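For ligands, and for the atoms within them, numbers begin at 1 and follow the listed sequence. As the structure is a computational prediction, the values presented were derived from the model and not from experiment. Worth knowing before you read on, the calculation uses all heavy atoms, side chains too, and leaves out hydrogens, waters and symmetry mates.
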Amino acid sequence: MDLNKRLPQNILNLKPYVAGKTIAEVVQEHKPERVSKLASNENRLGCSPQVKEAVLKSLDEIQDYPDPVSRLLREKIAEINNVNKDEVLVAAGSESLLSIVCRVLFKDGEHAITADATFVGFFVQAGVRGIEVVKVPVTDRFEFDVDATIGRINKDTKAIYLANPNNPTGAYLTKVAYQKLINNVPSDIFLIVDEAYFEYARDLENYPHALDHRKDNVIVLRTFSKAYGLAGFRIGYAIATKELIMQLKKAKLTFEPTTPAQAAALAAISDTEFLRKSVELVKREKEKLYSFFESMEIQYVDSAANSVLMVLENDAEAIRITDEMLKQGVILRRVNAFGLPHCIRVTIGTSAEMNHFKESLKLIR
Ligand SMILES: Cc1ncc(COP(=O)(O)O)c(C=O)c1O
């Protein structure tokens, strides 16, 4: 069969996702003395020790289908965020929620607006559904450009996607800028606020919590993959009006997330001490990394997330550094797929991992 003739053009146009190297691949290829995986914005401290026990216990029910409405977890999320449980939808990670949002909100011919340098997962999910994405260039400080975004809204705009803080830049929209955005997005256009890095940013004085400015057209996404350290489980949630959640729920795969994932998230969200330690580690190591970059005269972007963007002279230097660092056992993420081919994203790891990063970079720079 000629797939080029038989498949929709939007699928043929998509570039397959190229994942970063796994630790096992790097060990096999380069045989470094140690490996530091600083490529995927995971929590390098792992996850709450309470997760293991909860997951093992959940295995007693593994022959049964999962709770399709994640009742216990949804209640806990609602309580913590001071919303109604019917305003919460739990699914297999923010990526799944983005897929749901793209399948439910858009009619043919309607487009989304976002930044040109933002989470690649949104570009992919929109692409699978054949949705045009209008990409507004980030400012020269790598920030989401509110005025330019508002300027691109027209009758075919269905949604605006804002990652706040953003990935891969770590930059965030301040309270004033966010207020301007929500004041100027018409009430019949959805605003998808992806707060994957919320836990790292929430105490910053100037960071707007989307849930403090609730409107009928705002959908907030959160994940357990980052500060909670559960990326391998695939679980996240959306908060929106009850009516909208009911519509989004129709497109969720009935039994996602799995029973162990629900149990893991419930244990993780209840362990505030582990969360505090994770956030503090990132804060401390980020400050040290900024000083290091300054001493090396490497340009970087101030970050409210658990990663920092290195801005290199050109694409070739970004490729060279990523490759050379890999040989030293440090896995980094070049962010060409996110729209910034001359940049590298460094996930903040433990002190030991960050020292490995710094020593290796000194060797090759
Ligand atoms: C902004 C943003 N949204 C969503 C995700 C995906 O999260 P999840 O693991 O919940 O699918 C990421 C992961 O890198 C991200 O950076």
Show me, pair by pair, the donor-acceptor contacts under 3.5 angstrom made by side chains of residues 219-236, not counting sequence neighbours?
unit_1: Arg222; atom_1: NE; unit_2: Glu195; atom_2: OE1; d: 2.8
unit_1: Arg222; atom_1: NH1; unit_2: Asn81; atom_2: OD1; d: 3.0
unit_1: Arg222; atom_1: NH1; unit_2: Tyr237; atom_2: OH; d: 3.1
unit_1: Arg222; atom_1: NH2; unit_2: Glu195; atom_2: OE1; d: 3.1
unit_1: Thr223; atom_1: OG1; unit_2: Ser225; atom_2: N; d: 2.9
unit_1: Thr223; atom_1: OG1; unit_2: Ser225; atom_2: OG; d: 3.1
unit_1: Ser225; atom_1: OG; unit_2: Arg234; atom_2: NH1; d: 3.4
unit_1: Lys226; atom_1: NZ; unit_2: Ser40; atom_2: O; d: 3.4
unit_1: Arg234; atom_1: NH1; unit_2: Ala231; atom_2: O; d: 3.2

Tabulation required: pairs of a nitrogen or oxygen in ligand 1 and a protein nitrogen or oxygen under 3.5 Å; columns are atom names and distance to 0.1 Å; otherwise 'none'.
unit_1: ligand 1; atom_1: 3 (N); unit_2: Asp194; atom_2: OD1; d: 3.3
unit_1: ligand 1; atom_1: 3 (N); unit_2: Asp194; atom_2: OD2; d: 2.6
unit_1: ligand 1; atom_1: 9 (O); unit_2: Ser225; atom_2: OG; d: 2.6
unit_1: ligand 1; atom_1: 9 (O); unit_2: Arg234; atom_2: NH1; d: 2.9
unit_1: ligand 1; atom_1: 9 (O); unit_2: Arg234; atom_2: NH2; d: 3.3
unit_1: ligand 1; atom_1: 10 (O); unit_2: Ser94; atom_2: N; d: 2.7
unit_1: ligand 1; atom_1: 10 (O); unit_2: Ser94; atom_2: OG; d: 3.4
unit_1: ligand 1; atom_1: 10 (O); unit_2: Thr223; atom_2: OG1; d: 2.5
unit_1: ligand 1; atom_1: 10 (O); unit_2: Ser225; atom_2: OG; d: 3.3
unit_1: ligand 1; atom_1: 11 (O); unit_2: Ser94; atom_2: N; d: 3.2
unit_1: ligand 1; atom_1: 11 (O); unit_2: Glu95; atom_2: N; d: 2.9
unit_1: ligand 1; atom_1: 11 (O); unit_2: Arg234; atom_2: NH2; d: 2.7
unit_1: ligand 1; atom_1: 14 (O); unit_2: Lys226; atom_2: NZ; d: 2.8
unit_1: ligand 1; atom_1: 16 (O); unit_2: Asn167; atom_2: ND2; d: 2.6
unit_1: ligand 1; atom_1: 16 (O); unit_2: Tyr197; atom_2: OH; d: 2.7

Please tabulate, one pair per line, all N/O donor-acceptor pairs under 3.5 Å involving side-chain atoms of residues 331-342, not counting sequence neighbours.
unit_1: Arg333; atom_1: NH1; unit_2: Val18; atom_2: O; d: 3.3
unit_1: Arg333; atom_1: NH2; unit_2: Tyr17; atom_2: OH; d: 3.4
unit_1: Arg334; atom_1: NE; unit_2: Pro341; atom_2: O; d: 3.3
unit_1: Arg334; atom_1: NH2; unit_2: Pro341; atom_2: O; d: 3.0

Report all side-chain donor-acceptor pairs from residues 45-60 shorter than 3.5 Å, counting only partners two or more places apart or in another chain.
unit_1: Ser48; atom_1: OG; unit_2: Gln50; atom_2: N; d: 3.0
unit_1: Ser48; atom_1: OG; unit_2: Asp271; atom_2: OD2; d: 2.6
unit_1: Ser58; atom_1: OG; unit_2: Val55; atom_2: O; d: 2.7

side-chain contact (heavy atoms from CB on, under 4.5 Å) evaluation trace for Lys242 with Asn84
CA-CA 8 Å; Lys242 179 181 167 187; Asn84 190 291; 5.8 Å; no
Aromatic Phe123 / basic Lys135 pairing, under 6.0 angstrom, 45° off normal
yes
Between Glu75 and Arg71, is there a side-chain N and carboxylate O pair less than 4.0 Å apart?
yes
